[in-house]
Number of protein chains: 2
Amino acid sequence: MTPTSSPVPLPLADAPRVRADAARNRDAVLCAAVRLVGDLGADAVTMDRVAAEACVGKGTIFRRFGSRAGLMAAVLDGSETGFQERVISGPPPLGPGADPLERLLAFGPERLRQNLLHGALLEAAAAPHGRSLAAYSFGVLHVRYLLAEIGVAGDLPLLASALLAPLEVPVVRAQVEVQGLPVERLSAAWTDLARRVVRPGAPRGGPAPA
Amino acid sequence: MTPTSSPVPLPLADAPRVRADAARNRDAVLCAAVRLVGDLGADAVTMDRVAAEACVGKGTIFRRFGSRAGLMAAVLDGSETGFQERVISGPPPLGPGADPLERLLAFGPERLRQNLLHGALLEAAAAPHGRSLAAYSFGVLHVRYLLAEIGVAGDLPLLASALLAPLEVPVVRAQVEVQGLPVERLSAAWTDLARRVVRPGAPRGGPAPA
DNA sequence: GGAGAAACGGACTATGGTCCGGGAATGGAT
DNA sequence: ATCCATTCCCGGACCATAGTCCGTTTCTCC
């Protein structure tokens with residue numbers, strides 16, 4: 001797929017040469033982890049199990065992925081990348097081509113669905129305490145861009161973060177799984193929220209801080 | 001059962017009589033936990049340490065508090081109760097007596113401060129995955145009430161939850177401790193958010209502007 | 001004082017994460 | 001091509017900690 005004209009995939013400046021066995025093991029571990037997560041669900045997967053499945057020592061996993069969260073983040077990477085691609089270059093209204101407001105109103109429910117779909121995995125991939133940083137910061141960046149495009153004034157980074165916060169996995173999980181609210185209702189409430197935030201009227205909002 | 005007219009303070013219908021030693025141990029454990037959390041911080045406190053400090057077996061702690069999170073919730077209880085009292089019956093603008101909007105705008109920053117102050121403890125008190133249910137549902141209830149009082153129309157429970165979500169400990173911790181944003185800026189952004197949400201203009205939402 | 005129920009406590013298990021001695025891959029020298 | 005020195009990696013024993021289990025102890029009520 002990648003149009004690299006070189007035999008080895010992009011040595012990338014002075015990338016410290018990766019030993020062949022290391023790469024092989026990394027792949028084996030990731031592969032085993034993906035399979036196990038698919039079969040048993042993220043929170044039933046233990047590191048020892050992954051190690052055994054990949055025929056690899058436990059230490060190897062931790063050296064390559066740092067922690068359980070790191071491994072889960074790697075497992076998650078595929079679908080998360082797909083999501084980001086759909087946002088960046090997919091068809092409207094999620095992708096470019098639609099009005100920024102439309103794109104925003106499409107983004108929330110889509111992110112919500114994504115969060116519910118991969119809930120366990122996303123939580124497992126969250127750093128010790130906090131959300132999965134990569135996924136989160138992409139969302140903030142995108143929403144912030146859309147808000148600017150729409151012409152919203154104010155502290156855009158924090159406004160974007162505030163719009164994303166109600167979609168966080170623990171929040172929506174509690175609402176859906178504990179309170180039993182239907183997903184459509186969450187979606188509707190979120191778009192309502194977004195419209196309220198975006199709605200013109202300049203409530204105050206000083207000039208955006210640097 | 002029969003309304004037992006016993007001399008002990010409020011047996012509460014048919015409360016199963018609590019054995020004296022059980023109560024004593026419970027107190028000892030809680031006391032030790034409070035002290036240790038105060039001295040070392042919530043995440044340096046292990047169950048074994050608490051057990052040793054309270055001169056009690058580890059099993060006893062788990063029987064009484066269910067889990068580490070349960071114990072931490074009990075430790076947290078004091079300050080959380082204090083916070084709720086200030087909201088329910090304290091002086092304005094947080095307490096009753098001020099306009100609902102003023103109360104709302106006071107509530108957010110106060111909750112924010114509370115969350116930053118007891119961040120570690122609040123996270124430790126959160127159930128396996130999710131927020132501390134008691135604190136959260138109180139906040140939702142209160143904000144929901146204020147929104148109704150202000151005359152906001154729409155899905156109030158979810159709107160309230162959406163207003164509270166950006167104040168969640170993991171979110172604000174990341175913003176303050178990782179990104180280094182000043183607390184005042186978070187406060188300002190939240191009140192801006194609240195004003196936007198409350199601002200009249202009926203974007204759509206449900207009918208019944210009460 | 002005795003019977004029965006409840007609680008105690010610490011050994012035990014499960015799991016994430018660390019450490020370090022042994023060993024293989026790599027690149028250069030012969 | 002072979003061999004050697006270096007470097008990095010491997011793997012599983014080891015540790016810390018949350019949570020469970022069950023024989024023993026202690027309380028309560030009659």
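Throughout, a chain's letter reflects where its sequence line sits, starting with A, and its residues are numbered from 1.
When atom types are taken as modelled, the side chain of S89(B) and the backbone of E85(B) share a donor-acceptor pair closer than 3.5 angstrom.
Residue N25(B) places none of its side-chain N or O atoms closer than 4.0 Å to OP1 or OP2 of dA7(C).
Between R111(A) and E80(A) there is a salt bridge, since at least one side-chain N of the basic residue sits less than 4.0 Å from a carboxylate O of the acidic one. A salt bridge is defined here as a Lys NZ or Arg NE, NH1 or NH2 lying under 4.0 Å from an Asp or Glu carboxylate O, and E149(B) with R103(B) fails to meet this definition.
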Any chance you could list the contact pattern along nucleotides 17-30 of chain D? Use B for base contacts, S for sugar-phosphate-only contacts and - for none, protein heavy atoms under 4.0 Å, 5' to 3'.
-> SBBB-----BSSS-

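For the pair D43(A) CG and dA14(C) C1', the computed distance is 15 Å after rounding to whole Å. For the pair R64(A) CZ and dG17(C) P, the interatomic distance rounds to 17 Å; values are reported in whole Å.
Among the heavy atoms of the strands, none lies under 4.0 Å from R26(B).
The distance from the CG atom of L76(A) to the NE2 atom of H118(A) is 6.5 Å, given to the nearest 0.5 Å. Note: L193(B) CG to R195(B) CZ = 11.5 Å, rounded to the nearest 0.5 Å.
Few gaps surround CZ on R86(A); more than 12 heavy atoms of other groups in view lie less than 6.0 Å from it.
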